[in-house]
Structure formats: C-alpha cells, structure tokens
Amino acid sequence: MTIPAPEPKSLHFIEEIMEGDLASQKHAGRIMTRFPPEPNGYLHIGHAKSICINFGLAQKYGGRTNLRFDDTNPVKEDVEYVDSIREDVKWLGFDWAGEYYASDYFQFLYDYAEYLIAQGKAYVCDLSDEQIKEYRGNFYTPGKNSPFRDRSPEENLDLFRRMKAGEFADGSRTLRAKIDMQSPNMNLRDPLMYRIRRAHHHRTGDAWLIYPMYDYAHGVSDAIETITHSICTLEFEDHRPLYDWFLEQDVEGKFFQRPLPRQIEFARLNLTHTVMSKRRLLQLVQEGQVRGWDDPRMPTICGLRRRGYTPEAVRAFAEHVGVAKRDMVADVELLEHCIRTDLEQHAPRAMAVLRPLKVVITNMADHEGFEVELPRHPELPELGSRRLPFANELWIDQDDFREEAPKKWFRLAPGAEVRLRGAALITCREIVKDGNGNVVELRCTWDPASKGGDAPDGRKVKGTLHWVSARHALDAEVRLYEQLFLQADPMDVPEGQDWHQGINPTSLEILTAKVEPGLATAVPGDRFQFERTGYFAVDLDSRPGALVFNRTVGLKDSWAKIEAKG
RNA sequence: UGGGGGGUCGCCAAGUGGUAAGGCAGCGGGUUUUGAUCCCGCCAUUCGAGGGUUCGAAUCCUUCCCCCCCAACCA
C-alpha cells in the first residue's frame, strides 16, 4: 500500500512573494512581520485575520512578528485598549517577538524629519486646515503649491524646532513632505508629516507637542524594526508610493537598513450578518443594542471568546477564508462550521433541557429510580464517564413533543414510544393541559426491560431524546444568541433607511433551563455540547449555584429542514 | 472628467497557454442510543461581456461593462 503523495498546497500571493524573497536571499533569508493595531478600540475578527496572516506567515517561514501599537494620535488612543489587544493576540495563540509603540520612535522620527528638511524634502507650511484642503485640489483638479513650499531648509529647520518647542498654536503649522501637488495620487500632494497637538499621550505624556502622521510614522517604524513584509489592507494600496518615498529619501543610508520593507495589501475580512467598523460597533455598545464590547453577539475577539469560540476555531476560520485581493464577505456559516468542528471533537457532552416539559412515569415508584452511566464524549474514552440519576419525574424539551405528530416525526407524541438517551424507552399515554389548553405534563409508562435504552425484543425506536431528572436537575440561565442582523449585508437597506433597521430584535433569548447535576461544578470558560441542542460555554457571569451558559452555536438541525420543506 | 485595485459555482478560493482543485452552503443516500458526528454521491461545457491570436485561452492581445478604495492636521 502506498501513501498518496500529499497534494502540494497552492500558495497565496503573499506566500509567493515571501518564497520569492527567500529564494533570492533578498533579506538574507529573514522574514519579519508586524501586527500594528491602533490602540483606540477592541480587536474584532477582521483583525484576527490580519493577526493570523502576520504571525502565521512568520511562523511558517521561520520568522518573527512584532506587536506594534500605532499610537501616533494621542487624542484617540488609550492604554485601556493596549491591554485588551495584548490579551486578544495572546488568546489567539500568538507570541510576539517584540512589543513596540510608534511612540518609541518619536525621537527617531523627529530626527529623520529634520534630515528630510535639510535635504529640502520637507517644509513647514502655515496654511490653515481649510486652506490646505483648498490647495490640495481634488480628483479632477491638480493641487496648487503652498506659498510656503519654497522656504529655505534653514528657515524650515528653525520653524520645525519651534513647532516642537511649543511656540505655535495647535493647528497653526504643519510639516509637509515636498512631493508633487500635481500628482494624480492625492496621497502624494505634499502630505502632512507632523501636526501640532497639545494632547496628553498615553505613553509619552506631555513630552511632545507635535505628533507624526500615519503615513510618515508607519513605514519608518517598519524600517526601524527591519520588518521585511509590511502587510496591510487594500485601502492602503495607493499609500504605497508614499510609504516607499519616505524610506527612499534616506539617500545616504544613514537611517535605515537595506533592503527596505515592502508593503503588501490584502482584502480585509467582512462577515455576513454583522458590522465590522469600529464606529458602528461602538454605536451598538453605546446604544445598548448589545451588553458591551464582549457581548457574545459582537464580532469582537472578546465577544467570540465569551461566546465560547476557541482560538483554534478562529484560526481555522482565518485559514479557510484565504488571502487574496478581491473584496470578500465570508459567510458566517463558515465561522460556525469551524467552531462546530472543533467543539465536536473536544467538548464533553451533557444533557440540558432548554424549555422544560414535565414527564411523569406512571408505572415507576418514587424509590425505583436508578443511575445511568454515559461517556463524557463518544469518541474520547479518556474523558471518562458521568452518572446521571433517572427517576419517575423528568424534564424533556417542549420541542420534543407534538400533540399532533407531523410526517416523519419520531419524537414523542400521544401513544408514541421514544428512547430517553442512555436510560429507557417510554411511551406517552396521557397529556395533561392547563386551563389555557397548554400541555403541561406528559404521563408516560416505561418498559423496565429497556433499562439502558435498548429493548430486549429488538423493536426499533427511532427517536432518542435528552432528559434530566426533575428531582435532581439544576436550574441554569441559558442565553441563546442569533445573528445581530437579519440580513446578510446590514448596510443593504432601502433608500432613506439606516442600518439599525436590520437589527435582529430576537438576537438574544434568555431561558431558565434544567441541566444535569454534574454541571454544578462548571466554571467560566468550560465548554459543553448539550446533546441534541448545541454547544454551550459557561459565561463570565456564572456562579456556583447560579449557572449561566451561552450558546456558542447550535447543532445542525436536519429535522428543522425537513419540516421547513413540509 | 483623475489615480489605484478587483471581477472564476449562492459564499470563500485554486488555476499563471494544454482542456475548471478544494472548503462552506445546498441536494440525495448510508451508519447512528445526539434527526449531531461520520461515510458516500451530486453540485461551473464554463471563468464580467464582445472581438482577436493559437492546434488549443480563465490564462495572451483588444474593446467594453461592473464593483471597491482615495479629496481627515484619522489609521
């Protein structure tokens, strides 16, 4: 018997670039990437894709990845976010080589700016906000040179130093790169390098009054860290000439090691039935549409974590969606597939009745109860087993009983026999209703010969239900989640309406369930498969005696499909 | 009316001149003490459209169409 040769996995375009660079020894066989979040919000699954690409590629090619906080705008950034970002990256399973901050490089950035000024490549501009905009022109009209464009290097140096020293008011002057006001690429029309901002920075405090702009700081930071491949999203594509320009002005090679880093852009992740922009996510939180950034309905990494997603599943998802340059919207079902696959293999099984319906076994006495033993996981004997009490009063799920059984129904119905998983066969003999006609209790008989669940006469019983002993069951709060938005694309709303229209009013449903007694010791972070219903994770709010479970994802439900088709 | 990207199955995505991988979803069937899992099978005569080159084109040329991004002292 021969083992089939593994199919050579095709490479995505970034891997091709890297392998090409490795082959040509461009960076002497070195691969260095960075994940550069701005500490102004929580990370979401889109960032997770970027994290997986940056760390994953470095890992694959024996390289390293830095975590660098892009903190060049003190008015928007805060330490609060730094910690959450660190935690999320770690949780995803990645270790960074170095932890840096763009602000670590403020002095370097400043020195290089002076160098550019000295070379006549940058100038101090006195134009106001509005004037700069006006001089910049637009897509169809070339820009006009700033009247301050031809100041001498000496004057510029003096002015720039005085900007730094605090002699000028906020917004009164800027440092600009002298490139080309006529360029069809707006980014090259003398972009701003520095602005004056008397703002307290979360790391440098009040040491600086001038702060560098992204385009200037980012590439320089990459070069300082000797990043080989600077991976970012598509919207930075036409910033690349500027990225290169700033680094290439180091004509004497006094500032950066060669070869210089290369910026590569890929398509950001979008997910169906959710929004991904920081602004909208913030709105959901502020408006109370969700209970916070880590609400399990949020596409944030902390939300997914709280919901019960595993880092493995998130990484698998990133792997599945691939890396390319075309705009993409991943189907949330792919994400769900990834978490189901992981949890199916690892999550211990348990029984929980979400919407309890009482079952009384009429031919069993109070003292006739017994214990059944069930494996924690059908495929993992090493996980051991659990013992469940069975007695004459039980809870089953309301979904498992129909007074009028539809076609192909093999759950409980009047006169029907079903198996209670691992315990026994019961037959429904009588229905008890309340004054409103609601079924409140089922009176059933059991076949004592079927203890364990099999009938000795070999009669076939197709339906198997989960159950829990009423006397022994624990109450638990169960939070059921659905998509936050009803439509695949929340932004696709009729003319004149806004995206709030699409918010799913029933994205959260809270139930009091009856769960098997062994769950009493479950602690936040524990994950289970509640048999026949879904995967659940113990929530942060859970306490001994006051259990709270989040439904991470439901099991696939082919009965629902059959019924939907009629 | 400028510049930069992109268009291969409902959603992702391989393919780089030799006759359309794979995953998700969907559909059919088998196994099953979870209607789960697992297993098997089906699912693009066609690659945004039209022309052309070639024995041969998703891949080359050409014209056209559509989508996304760019006019913050944001990143």
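Just so we're on the same page: letters track the sequence lines, and every chain starts at 1.
- Remark: A:Arg326 is in phosphate contact with B:A13, judged by side-chain N or O atoms under 4.0 Å from OP1 or OP2.
- Put simply, A:His320 has no side-chain N or O that comes within less than 4.0 Å of OP1 or OP2 on B:G23.
- For the side chain to side chain donor-acceptor pair (under 3.5 Å) condition, the pairs that include at least one residue of residues 33-42 of chain A, sequence neighbours left out, are A:Thr33-A:Thr65, A:Arg34-A:His218, A:Arg34-A:Ser230, A:Glu38-A:Asn40, A:Asn40-A:Lys278, A:Tyr42-A:Glu80.
- Shown here, B:G26 forms a base pair with B:C42; the pair counts as Watson-Crick or G-U wobble because both key distances fall under 3.5 Å.
- Of the N and O atoms on the side chains of A:Tyr309 and A:Glu336, not one donor lies less than 3.5 Å from an acceptor on the other residue.
- The pair A:Arg136-A:Asp190 does not meet the salt-bridge criterion, since no charged nitrogen lies less than 4.0 angstrom from a carboxylate oxygen.
- Between the CD atom of A:Glu336 and the C1' atom of B:G26 there is a distance of 16 Å, rounded to whole Å.
- The side chain to side chain contact (heavy atoms under 4.5 Å, CB included) test applied to A:Ala102 returns A:Asp70, A:Asp71, A:Thr72, A:Ser221, not counting sequence neighbours.
- With rounding to whole Å, A:Leu242 atom CG is found 14 Å from B:G4 atom C1'.
- When the P atom is used for both B:G5 and B:C42, the distance is 41 Å, rounded to whole Å.
- In summary, A:Glu344 and A:Arg349 engage in a salt bridge, as defined by a charged side-chain N under 4.0 Å from a carboxylate O.
- Residues passing the side chain to side chain donor-acceptor pair (under 3.5 Å) test with A:Lys325 are A:Glu237, sequence neighbours excluded.
- Rounding to whole angstrom units, CD of residue A:Gln487 and P of B:C11 are separated by 16 Å.
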TODO: Sugar-phosphate means primed atoms, P, OP1 and OP2; the rest is base. With that split, encode nucleotides 69-75 of chain B 5' to 3' as B, S or - using protein heavy atoms under 4.0 Å.
DONE: BBBSBBB

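- Partners of A:Ala113 according to the side chain to side chain contact (heavy atoms under 4.5 Å, CB included) rule, which considers only residues two or more places apart in sequence or in another chain, are A:Phe160, A:Leu175, A:Met193, A:Tyr194, A:Tyr216.
- A:Gln131 and A:Ser128 share a side-chain donor-acceptor pair at under 3.5 Å.
- Figure legend. B:G2 is base-paired to B:C70; pairs are counted as Watson-Crick or G-U wobble with both atom distances under 3.5 Å.
- Rounded to whole angstrom, the span from the NZ atom of A:Lys561 across to the P atom of B:G29 amounts to 13 Å.
- Atom name C1', nucleotides B:C39 and B:A44: the rounded distance is 26 Å, in whole Å.
- A heavy atom lying under 4.0 Å from RNA chain B marks none of the residues of residues 267-281 of chain A.
- Across all strands, A:Gln131 comes closer than 4.0 Å to no nucleic acid atom at all (heavy-atom distances).
- Side-chain rings of A:Trp446 and A:Phe370 approach one another, their centers coming within less than 6.0 Å.
- By the salt bridge (charged side-chain N to carboxylate O under 4.0 Å, His left out) test, A:Asp126 is found to be paired with A:Arg151, A:Arg173, residues two or more places apart in sequence or in another chain being considered.
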Check nucleotides 57-59 of chain B against the protein and report each pair of N or O atoms closer than 3.5 Å, with its distance, or say if there are none.
none

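- Comparing A:Ala330 and A:Val323 by the nucleotide of RNA chain B that holds the closest heavy atom to each, the one mapping nearer the 5' end is A:Ala330.
- With sequence neighbours excluded, the residues satisfying side chain to side chain contact (heavy atoms under 4.5 Å, CB included) with A:His239 are A:Asn187, A:Asp215, A:Phe236.
- Against the 90° criterion about 0, the sugar-base torsion of B:A14 places it in the anti range.
- With both ends at atom P, the span from B:U16 to B:C60 equals 11 Å, rounded to whole Å.
- Spacing between atom NE2 of A:His377 and atom P of B:C38 amounts to 11 Å, rounded to whole angstrom units.
- Atoms CD (A:Glu265) and C1' (B:G3) sit 15 Å apart, rounded to a whole Å.
- In this model, a donor atom of one side chain and an acceptor atom of the other lie less than 3.5 Å apart for A:Tyr243 and A:Asp222.
- In this structure A:Thr233 satisfies the side chain to side chain donor-acceptor pair (under 3.5 Å) test together with A:Glu235, sequence neighbours excluded.
- Residue pairs that meet the salt bridge (Lys or Arg N to Asp or Glu O under 4.0 Å) test with at least one member in residues 376-387 of chain A, sequence neighbours left out, are A:Glu371-A:Arg387, A:Glu373-A:Arg387, A:Arg386-A:Glu516, A:Arg386-A:Glu531.
- Separating the C1' atom of B:U8 from that of B:U1 is a span of 32 Å, rounded to the nearest Å.
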Task: Nucleotide-resolved protein contact map, nucleotides 31-36 of chain B, B/S/- at heavy-atom distance under 4.0 Å - done: -BBBBS

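- Nucleotides B:C11 and B:A25, compared at atom P, are 15 Å apart to the nearest Å.
- When the C1' atom is used for both B:C66 and B:G50, the distance is 15 Å, rounded to whole Å.
- In summary, the side chains of A:Tyr535 and A:Gln529 do present a donor paired with an acceptor at a separation below 3.5 Å, with no hydrogens or angles considered.
- A:Met328 places its CE atom 12 Å from the P atom of B:C11, with the value rounded to the nearest Å.
- Within 4.0 Å of A:Lys49, counting heavy atoms only, lies no atom of the nucleic acid at all.
- Separation of the C1' atoms belonging to B:C40 and B:A49 is 40 Å when rounded to the nearest angstrom.
- Comparing B:C9 with B:A14, their C1' atoms are spaced 13 Å from each other, to the whole Å.
- Note that A:Arg203 lies in the cation-pi zone of A:Tyr101, set by a 6.0 Å cut-off to the ring centre and a 45° limit from the axis.
- Summarising the geometry, the separation between CD1 on A:Ile179 and C1' on B:G3 is reported as 15 Å, rounded to the nearest angstrom.
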